[in-house]
Amino acid sequence: MTTVVVPAGGLGTRFLPATKALPKEMVPVGDRPAIQWGLEEAVASGVRRAVIVTAPGKELIRAHFAPDEELEKTLEGRGSAELARRIREIGSLCNVEFVEQAQPLGLGHAVLCALPTIKGEPAVSVLLPDDLFSGSPPLLAQLIEAHTWEGCTVLALRRCPKEQISRYGVAAVEGEGPVFRVTDVVEKPAAEDAPSDLALMGRYVLTEDVFTALRTTQPGALGEIQLTDAIREVARGGRVVGVEFTGELLDVGTLDSWLATSVSIVWRDPELGPALRARIAELEASES
Ligand code: UTP
C-alpha cells in the first residue's frame with residue numbers, strides 16, 4: 001500500500017470566519033499548516049504518494065506543496081540555508097497529486113473523487129488532515145500494520161466519554177482489543193444508543209469492497225455521501241477491524257479545538273515552548 005487519500009474539500013464551516021478564504025487544512029499549528037503534519041505522518045508510515053482532494057477556491061493547499069526555487073534562493077542568499085532546506089523538503093515529502101471535488105458532497109464523495117487515481121492498489125489509506133497525531137509509532141502506521149495482518153478494512157478507534165460520543169461515528173465491536181472485529185458502525189448516535197464507547201477517528205485503511213460499496217452509497221443526511229455508510233455495509237459482512245490506537249489525536253476543526261491543539265504542540269516544542277510558557281506566566285501574573 002503506497003497511497004494516502006487526504007480529503008480537504010470541505011467548507012470548514014465550524015471554524016468560520018477564520019476559514020472563509022483560508023482553507024481549514026491550512027491553519028498553522030506551531031510552525032506549519034495542519035495538512036503538512038498529516039502528510040508527514042503518512043510519509044513516516046511508509047506512504048509514498050498522496051492524493052489531496054481539494055475544492056474550488058482552495059488553491060493555497062496546492063501552492064503550499066509546490067516547489068518554490070525562487071524562495072529557496074532568496075533564503076539561501078540571506079544566509080538562511082536551514083530554512084531553505086525545510087522549504088525544499090515540503091515539496092519533496094512524497095509524490096503529491098490533486099483532484100478536485102466540485103461540491104462538498106461529503107467525506108464518502110471526496111474519497112470517491114480520488115478513486116480514479118488509484119490503480120492496481122487493493123487498499124489505500126485515508127487521512128483527515130484536521131486531526132493531528134502526536135505519538136509513536138505514527139497512527140497511520142498502526143493501521144497499516146493491522147491491515148498487513150488482517151487483510152481487510154481498518155478503522156482508528158478511540159475511547160470517548162459518554163457526553164461526547166454523539167459527535168462521532170461509533171463502532172459495535174467483538175473481541176478484547178486492541179484490534180477488534182467491527183460488526184457495525186453507527187453515525188453520531190445519541191449517548192444511550194451508542195453500541196460502545198469506541199469512536200471512529202480520522203484515519204482509515206480502506207479495501208476494494210468499501211470502494212465498491214461507496215459507488216452505490218446513496219446520499220444521507222444533508223445530501224452528503226457518508227463514508228461510514230459504505231463501511232457499515234462491509235462491516236456487516238464481517239470484513240472490518242478497528243484498532244484502539246496508542247498516542248494522541250488532536251483536532252483542529254473548530255476555533256477552540258485548534259487553540260487547545262496549538263497550545264499542546266507549541267508547549268512541547270523545544271524552541272517555541274519556553275516563549276509560550278513565559279507569556280502565560282506573564283498573563284497569569286497580570287491577572288493576580
Ligand atoms: P469535516 O466534516 O470535519 O470538515 O470533514 P468540513 O465539512 O470541512 O467542516 P465543517 O463541518 O463544515 O466545519 C473532515 C475532512 O473531510 C474533508 C474536509 O475538508 C476535512 O478535511 N471533506 C469533508 C471533504 O474533503 N469533502 C467533503 O465534502 C466534506
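Start at 1 and go down the list; that is how both ligands and their atoms are numbered. Only heavy atoms go into these numbers, but all of them, side chains included; no hydrogens, no water, no symmetry mates.
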Asks: Under a 4.0 angstrom heavy-atom cut-off, which atoms of ligand 1 come close to P129?
Replies: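 Reading through ligand 1 atom by atom, the close ones are 21 (O).
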Asks: In the protein, which heavy atom is nearest to atom 25 (O) of ligand 1, and how far is it?
Replies: G9 N, 2.7 Å
Asks: Return the minimal non-hydrogen interatomic distance between Q101 and A110, and the atom names on each side.
Replies: NE2-N, 3.4 Å
Asks: For atom 16 (O) of ligand 1, what's the nearest protein heavy atom and its distance?
Replies: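 Result for atom 16 (O) of ligand 1: L107 CD1, 3.8 Å.
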Asks: Please write down residue, atom name and distance for the protein heavy atom closest to atom 22 (N) of ligand 1.
Replies: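 Here the nearest protein heavy atom works out to G10 N, 3.5 Å.
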Asks: Can you measure from CZ (F65) to OG (S92) and round to the nearest 0.5 angstrom?
Replies: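 Output value for this atom pair is 11.5 Å.
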Asks: Using the ring of each side chain (for Trp, its six-membered ring), is F245 parallel, tilted or perpendicular to F133, with breaks at 30° and 60°?
Replies: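 Ring orientation of F245 relative to F133: perpendicular.
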Asks: What protein heavy atom sits nearest atom 14 (C) of ligand 1, and how far away is it?
Replies: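 The closest one turns out to be D130 OD2, 3.6 Å.
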Asks: Applying a heavy-atom cut-off of 4.0 Å, say which part of L105 lies close to ligand 1: side chain, backbone, both or neither.
Replies: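 Backbone only; the side chain of L105 stays clear of ligand 1.
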Asks: Please report which non-hydrogen protein atom sits nearest to atom 28 (O) of ligand 1, along with the residue it belongs to and the distance in Å to one decimal place.
Replies: G106 N, 2.7 Å
Asks: Among all protein heavy atoms in this structure, tell me which lies nearest to atom 19 (O) of ligand 1, with the distance rounded to 0.1 Å.
Replies: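 Protein heavy atom with the smallest distance to atom 19 (O) of ligand 1: E25 OE2, 2.6 Å.
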Asks: Where is the nearest protein heavy atom to atom 11 (O) of ligand 1: which residue, which atom, and how far?
Replies: R14 NE, 2.9 Å
Asks: Of the choices P7, C113, G12, P104, which has the non-hydrogen atom that lies closest to atom 17 (C) of ligand 1?
Replies: P7
Asks: Between E100 and T54, is any side-chain donor less than 3.5 angstrom from a side-chain acceptor?
Replies: no
Asks: Classify the contact between Q101 and ligand 1 as side chain, backbone, both or neither, using a heavy-atom distance cut-off of under 4.0 Å.
Replies: side chain
Asks: Do you reckon I231 sits in the same ILVMFWY cluster as V53, going by side-chain contacts under 4.5 Å, direct or chained?
Replies: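 Yes, it is one cluster - the side chains of I231 and V53 are joined through contacts under 4.5 Å.
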Asks: First locate atom CG of D31, then atom CG of D269, and finally report the distance between them rounded to the nearest 0.5 Å.
Replies: 6.5 Å
Asks: Main chain of L198, side chain of S196: is a donor-acceptor contact present, judged purely on distance under 3.5 Å?
Replies: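 Flag set: sc S196 to bb L198 pair under 3.5 Å.
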Asks: Got an N/O contact under 3.5 Å between A110 and ligand 1?
Replies: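 No - when backbone and side-chain N and O of A110 are compared with those of ligand 1, no distance drops under 3.5 Å.
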Asks: Can an N or O of L128 be found at a distance shorter than 3.5 Å from an N or O of ligand 1?
Replies: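 No; every N/O pair is 3.5 Å or more apart.
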Asks: Would you check whether K24 reaches within less than 4.0 Å of ligand 1, judged by its heavy atoms?
Replies: yes
Asks: Note the single closest protein heavy atom to atom 12 (O) of ligand 1, along with its residue, its atom name and the distance in Å.
Replies: T13 OG1, 2.6 Å
Asks: What's the spacing between S125 OG and H147 NE2 if we round to 0.5 Å?
Replies: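 Those atoms lie 9.5 Å apart.
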Asks: What closest approach, in Å, do L39 and C94 show between heavy atoms, and which atom pair accounts for it?
Replies: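 Minimum heavy-atom separation between L39 and C94: CD2-SG, 4.3 Å.
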Asks: For residues S257 and T254, is any side-chain donor paired with an opposing acceptor at under 3.5 Å?
Replies: yes
